[in-house]
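Presented below is the structure to which this report refers.
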Amino acid sequence: MSSQHTVEQTRPDQVRQPMVRAQNVRKSFGSVEVLKGISLEVQPSEVMCLVGPSGSGKSTFLRCINHLEAVNGGRLYVDGTLVGYEERGGRLHELHPRHAAAQRRDIGMVFQRFNLFPHMTALGNIVEAPIRVRKESKRSAVANGRELLERVGLAAHELSYPAQLSGGQQQRVAIARALAMRPKLMLFDEPTSALDPELVGEVLDVMRSLAETGMTMIVVTHEMGFAREVGDHLVFIDDGVVVEAGDPRSVLADPQHERTKSFLSKVL
């Protein structure tokens with residue numbers, strides 16, 4: 001009985017695979033190499049915070065994960081599937097844009113700027129993609145959209161247009177819009193950097209509650225308090241390389257690398 005139990009525990013198909021796996025990812029814009037070989041893994045339900053100076057490659061790396069930017073080298077996998085490419089005969093071939101877009105449906109992304117459709121209400125912004133892309137019924141999409149607005153604290157604003165909302169409210173609508181596609185992974189690219197300081201907390205609260213539900217998240221942020229409190233893993237990127245990584249509380253309290261120490265001394 002006990003030996004059978006041991007066999008069941010070690011079956012290969014039960015090994016938990018990373019939600020995101022980056023292998024030596026490189027990206028250049030012209031002659032400028034922005035990513036110089038990024039390798040990391042994000043486990044399911046983990047919150048990884050990416051920190052580092054402006055121009056270090058954090059946002060570019062995030063955009064590569066959902067193939068908004070094509071990589072020049074290395075490989076990126078989301079939930080075991082190669083992103084943006086297929087391998088044939090040992091060579092990588094970029095997917096047709098339609099197939100790359102289909103992969104992107106499972107990856108939610110929230111940008112610095114809210115990118116809401118100005119001519120649509122909050123609810124209209126949220127239901128557009130589920131109806132058009134996922135072919136969800138309008139009735140189902142609207143019901144889910146209202147649930148999401150309640151979840152982000154905006155149930156009373158479903159008929160408000162973006163211009164009638166504060167920056168923090170618009171960003172919360174943007175989060176709800178990303179969640180409406182029922183993603184397996186959420187990417188946040190400095191979601192509070194465009195907000196007035198007093199509005200930052202309301203967005204971080206939504207992200208905190210999202211982490212508590214077990215959503216896998218990669219967050220590019222300058223909010224070190226959020227990284228310390230909510231992050232499971234912190235990665236410091238500078239000049240296109242991972243300089244230091246580990247438990248956020250340990251890295252923030254006792255960084256081991258001089259570049260990390262120098263950066264944190266300016267932001268903490």
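Atoms considered below: every heavy atom in the structure, side chains included; atoms not considered: hydrogens, waters and symmetry mates.
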Inset, instruction - Applying salt bridge (charged side-chain N to carboxylate O under 4.0 Å, His left out), run through Arg249 and Asp232 and close with a yes or a no. - result: CA-CA 9 Å; Arg249 289 149 288 279; Asp232 297 298; 5.7 Å; no
Inspect the contact between [Y] and [X] and indicate whether a charged nitrogen and a carboxylate oxygen are less than 4.0 angstrom apart.
{"X": "Glu87", "Y": "Arg75", "value": "yes"}
{"X": "Glu147", "Y": "Arg151", "value": "no"}
{"X": "Glu136", "Y": "Arg182", "value": "yes"}
{"X": "Lys36", "Y": "Glu33", "value": "no"}

Inset, instruction - May I ask you to establish whether Lys27 and Phe29 are in a cation-pi arrangement, using a distance under 6.0 Å from NZ or CZ to the six-membered ring centre and at most 45° from the ring axis? - result: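 Here Lys27 passes the 6.0 Å and 45° test against Phe29.
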Legend entry - Pair Ser262-Lys266, side-chain donor/acceptor within less than 3.5 Å: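 Present: a donor and an acceptor within the cut-off.
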Legend entry - Test item: side-chain donor near acceptor, Asn24 and Ser39, under 3.5 Å: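 Asn24 vs Ser39: no donor-acceptor pair found between side chains.
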Inset, instruction - Give the cluster check for Leu187 versus Met19: same hydrophobic cluster or not, with ILVMFWY residues linked at side-chain heavy-atom distances below 4.5 Å. - result: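 Yes: a chain of side-chain contacts under 4.5 Å links Leu187 to Met19.
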Inset, instruction - For this output row, return yes or no: ring centroids of Tyr85 and His67 closer than 6.0 angstrom. - result: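 Yes, ring centres under 6.0 Å apart.
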Legend entry - Minimum heavy-atom distance between Leu149 and Glu158, given as atom pair plus value: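 That would be CD1-CB, 3.5 Å.
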Legend entry - Neighbour count above 12 (heavy atom, 6.0 Å) for Arg113 CZ: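 Not buried by this count: 12 neighbours or fewer within 6.0 Å.
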Legend entry - For Glu198, all residues meeting side chain to side chain donor-acceptor pair (under 3.5 Å), sequence neighbours excluded: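 Testing Glu198 for side chain to side chain donor-acceptor pair (under 3.5 Å), a comparison that skips the adjacent residues, returns none.
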